[in-house]
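Step one of this worksheet: look at the structure below.
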Amino acid sequence: FFQYCLSGHPTLPCNVLKFKSTTIMLDCGLDMTSTLNFLPLPLVQSPRLSKLPGWVLKDGSTFLDKELKECSGHVFVDSVPEFCLPETELLDLSTVDVILISNYHCMMALPYITEYTGFTGTVYATEPTVQIGRLLMEELVNSIERVPKAQSASMWKNKEVQRLLPAPLKDAVEVSMWRKCYTMPEVNSALSKIQLVGYSQKIELFGAVQVTPLSSGYALGSSNWIIQSHYEKVSYVSGSSLLTTHPQPMDQASLKNSDVLILTGLTQIPTANPDGMVGEFCSNLAMTVRNGGNVLVPCYPSGVIYDLLECLYQYIDSAGLTNVPFYFISPVANSSLEFSQIFAEWLCHNKQTKVYLPEPPFPHAELIQTNKLKHYPSIHGDFSNDFKQPCVVFTGHPSLRFGDVVHFMELWGKSSLNTVIFTEPDFSYLDALAPYQPLAMKCVYCPIDTRLNFIQVSKLLKEVQPLHVVCPEQYTQPPPTQSHRTDLMIDCQPPPMSYRRAEVLTLPYKRRYEKIEIMPELADSLVPLEIKPGISLATVSAVLHTKDNKHVLQLPPKPPQPPASKKRKRVSDDVPECKPLKPLLSGSIPVDQFVQTLEKHGFSDVKVEDTAKGHIVLLQEAETLIQIEEDSTHIICDNDEPLRVKLRDLVLKFLQKF
Amino acid sequence: MPEIKVTPLGAGQDVGRSCILVSIAGKNVMLDCGMHMGYNDDRRFPDFSYITQNGRLTDFLDCVIISHFHLDHCGALPYFSEMVGYDGPIYMTHPTKAICPILLEDYRKITVDKKGETNFFTSQMIKDCMKKVVAVHLHQTVQVDEELEIKAYYAGHVLGAAMFQIKVGCESVVYTGDYNMTPDRHLGAAWIDKCRPDLLITESTYATTIRDSKRCRERDFLKKVHETVERGGKVLIPVFALGRAQELCILLETFWERMNLKAPIYFSTGLTEKANHYYKLFITWTNQKIRKTFVQRNMFEFKHIKAFDRAFADNPGPMVVFATPGMLHAGQSLQIFRKWAGNEKNMVIMPGYCVQGTVGHKILSGQRKLEMEGRQILEVKMQVEYMSFSAHADAKGIMQLIRQAEPRNVLLVHGEAKKMEFLKQKIEQEFHVNCYMPANGETTTILTNPSIPVDISLGLLKRETAIGLLPDVKKPKLMHGTLIMKDNSFRLVSPEQALKELGLAEHQLRFTCRVHIQDPRKEHETVLRVYNHLKGVLKDYSVQHLPDGSITVESILIQATAHSEDQGTKVLLVSWTYQDEELGSYLTSLLKKGLPQSTA
């Protein structure tokens, strides 16, 4: 049992598990923090960005000035943004049998895996995961493709050149592996390989392994996975939440009795309380709008935005924001809002019961109906006609490198009346803002990450008690910026096994049993013998059939009738076939009784001699000698087969067979 | 011998009040709890005294499963749980859980408010009953208790309809409820995997029908509606508020749009909009096409179809009205029918099955003079059309489902005895499985023959698989092990391990046989001849000549010594343990025959 670790990002995992002759990929997260090294892609020509000076080396050489631009002391690559893929060299990815997806954020690298590695297997995910994952991919592709960039920078990636660059470019890892975004045909092809599954559905893989998704409480359709055979259980916990937001609550009970629990996707902001952050979000938003400013919320088109809209729904009137327009701008805004309403079965209890009324589970339906929330595919078209300020705009991408958000940063950045509020925890807000500096706009950081924090993890582990915990190395030490906070790491016994990118881990299992089925006919033929009180034994001689990794024992076929004709056969015809071993024997032979038995069977000249360890029984006439000891019997005789067989059977009467 | 027992309390050789008791591996499950539309007395509900004569329902039943929201499958539920008394779990899918209480309330209103019956379940009872419902997802394995698990499969038929697999250990039953094997305008086709249940309990409404293509029926339907409207007639389509109604609405809506027709289409009850709302919220349960396009165009938002007011029925000119209920046995559809029946320009289209005793059933069987309440005779002059849109599998579909699931036995319910008989024969012929069709109250017992799962030690299994398990029919390999039965656990281990675990020592039984051979040669030459001989004969065995002068065949040892008295005779000592008995015995008899003449 091995685990290949293909991603170093703890919340965007990609691991491959070799489990009982199946190769299972757990998630394929795409690390998009690499895009922070690139210049933003403006929808509309930005004079500011196009005037940024080229970067010049210390020695004055300018050969990189076309590729690298400098902005407020930071250096950016002027090129189509690229992403850091999971490791593809550690093992042959065409051998992956299945991919299990835990939530829509953890499938963004899927097209790279399914379309470029020779992958021929199946992907398993829940319906909301697939639908919303598709929306995220569509938005990503759309926002990059609609701003065609002529230039594709590659010189800076040269190892010799990279060494000379300032941080963080200098320290960027695996830049040679960075790839441009995939295309819609690739997305469609990748998604067509997905098979939909429901929570607690047991899926058989090749008869050897069973996988089951469980609700993880983090997002619509998000799952943890159980990977088990009859005797081993691995729990894969990825992006789970114990907070009550919109998704169905986390199923913790089913994680019990795991041999190994792989723990990924914990909160990225362990010190922030999501509830507090939502409160701050609302009050900052209200304050800005009251002062006549605009609010920009860089966000993903699904997920936390549903919760934010719900909070605002309750907050708008009391905060006097009734007439402030809320805009949600994304090529998939409409789809996201519509899809959120049809997944009642994947929602928390409160939202589920609304559907029984029948009412839409999310109140944003009402916000749309009352025209308080409007959604547009982009800033072009209808939006430009309807656009009124001051307003609140929700749009992507949270990295601030592409999507409509770039336009609003350029538009509103110069005024201190406006505020940008960061709610998504995936990107450092300072890094995200770097290419927009200097900035007059207010910046508020309210990261909302509902995934497990370390206190919850330690509770969870106590509750489900796995034998071993496996986690990314980041979770086994305090965060680098808070090295004194030893409470911000996983604390369990035995200590967790940690992994890092491109490492192979041997997982600790000891397997001793396998399931096998005894066919009814065979079961009927068995003769159980009670050996000790409550314990019975039966010797089984049977034919083993193995098909699709399932083992079945059947009654051995009846021996063929001996041929009627007594034709002379060649000697080799008599060679016994490889028959099963005779059973083992146990017990001991009481000499007196044995001698009596012999006499009863017509041996008249039996003589017994004592030896150091037992007895020797002599049959003088037959020149036969039987050595009897506690744990052995040895019959030494002439080649008189009938005699030997007779003696054998008499001895066997005293012994038990196994 | 383990067995599965099935007793229909309803739907045995009948359509209506579906209710089937199943006992499997010590667990008792009730499948559906419906009412009968054809009766207004005690017979409308299943006879639960079959269970209660021996004790409480809750003690007897491990769970209740409801397949879908039609009243003939869930109509008796509040009576059963609140009036007879059942507190255990009731399982159904989410859409069923959402829609079922509405239809129950509707049913209650008609019975109590309109017909004035007392001693019927109340609104509060419906609510209390629904509190006992646990909603299940498709394909989710629900653990009812440690041993009993159930799993829902998509059944088409109506929104949220499901087939259920009931499983205990390796024994299982699949109950289809009502299902449809062909996708229609709003739902997908039923699907099940090759789950090989011991028993498949299937509906058989259309046991003898093989329906023509859906497209033809749709064209036919549209043609009839269109012609009637063109000549200024009125079309009445009795439907149930949820299900067929939505399919036909989609059909008419698109047709009206395409043909640019102006005649009004009405939908009769207040339930309409609400019903359509359920379809919108549970769109994941509809067919692929609707699901794919719902963001751009939600098929359940109708432009041409408006709410009906009872005053409209007297309006002049053509119109199309969908009215509930679907069998013309009560309510608005019956009222409108009475108004329009006398005019030969009008038409009533019955799009679904009608049970005996209903007005729908009477006019479909050709009756044109109907005795109404108060001895009034209603003469039916309007055209009566029957178009089977009800989403049940036809004979072909039932056979297809059996092929998919590969059951070991089939049991028919929810159909008419005569038709069942025909289908039963067909099933037995084609699939060579037993097919049963018990009447209500009659118990069918099916013997199952489950194999017994045991734990085999990996050591033993690996030892066996290492020998090589090429499937050789002529020479199947036998494996030998010891089954340890302790408490309820069964473990198959190697005999050595069994001895060790029980703290017993092995008793070794060894044989040494003296075989005399006439050979004047020197000892080592004799040994060499013996070696060559054995090597020649025992080609499949490992025969070795050891440096110390002895020979081994597998683990059998052969040593040669000179005879103490006769130099021309050599004595071979052949020694083997009891485990090598066959080979040892064979060797001695082989050697006894002497050595072949030297080829040298």
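Because only heavy atoms are used, hydrogens play no part in the values below, and waters and symmetry mates are left out as well, while side chains stay in. Order of the sequence lines fixes the chain letters, A, B, ..., with proteins taken first and strands second; residue numbering starts at 1 for each chain.
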statement: Under 4.5 Å to a heavy atom of chain A? For B/Tyr578 that would be both

statement: So, the part of A/Glu514 with a heavy atom under 4.5 Å from chain B: the answer is both

message: Looking at B/Glu501 and B/Lys486, is any side-chain nitrogen of the basic one under 4.0 Å from a carboxylate oxygen of the acidic one?
response: no

field: Under 4.5 Å from any heavy atom of chain A - which part of B/Val493
entry: side chain

task: Would you kindly say whether A/Thr546 and A/His551 are connected by a side-chain donor-acceptor distance under 3.5 Å?
output: yes

- request: Answer with side chain, backbone, both or neither: which region of A/Lys657 has an atom nearer than 4.5 Å to a non-hydrogen atom of chain B?
  value: side chain

message: Heavy-atom cut-off 4.5 Å, strictly under: side chain, backbone, both or neither for A/Phe339 against chain B?
response: both

field: Between B/Ser575 and B/Arg510: side-chain donor-acceptor atoms closer than 3.5 Å
entry: yes

query: Are the ring centres of B/Tyr154 and B/Trp191 closer than 6.0 Å?
result: no

query: Quick one: what part of B/Asn298 sits under 4.5 Å from any heavy atom of chain A, side chain, backbone, both or neither?
result: neither

task: Would you check if there is a donor-acceptor pair between the side chains of B/His94 and A/Tyr356 at a distance under 3.5 Å?
output: yes

message: Taking B/Arg491 first and then B/Asp455, would you say they form a salt bridge - that is, a charged N and a carboxylate O separated by under 4.0 Å?
response: no

query: So, the side chain of A/Gln352 versus the backbone of A/Leu347: is there a donor-acceptor pair under 3.5 Å, distance only?
result: yes

field: Heavy-atom contact with chain A under 4.5 Å, split by part of B/Phe490
entry: neither

- prompt: Checking heavy atoms, do the side chain of B/Gln296, its backbone, both or neither come under 4.5 Å from chain A?
  reply: neither

- line: When the 4.5 angstrom heavy-atom criterion is applied to A/Leu337 and chain B, the contacting part is neither

- request: Using non-hydrogen atoms and a 4.5 Å limit, figure out which bit of B/Lys539 sits close to chain A: side chain, backbone, both or neither.
  value: neither

- prompt: In terms of heavy-atom proximity below 4.5 Å to chain B, should A/Glu127 be classed as side chain, backbone, both, or neither?
  reply: side chain

Pair B/Trp285 and B/Tyr279, ring centroids less than 6.0 Å apart: no

field: Proximity breakdown for A/Val540 and chain B, heavy-atom pairs closer than 4.5 Å
entry: both

query: With only heavy atoms counted, which part of A/Leu655 is less than 4.5 Å from chain B, the side chain, the backbone, both or neither?
result: side chain

task: Indicate whether any N or O donor in one side chain lies under 3.5 Å from an N or O acceptor in the other, for A/Thr212 and A/Gln201.
output: no

- line: Applying a strict 4.5 Å limit to non-hydrogen atoms, the region of B/Leu502 in contact with chain A is both

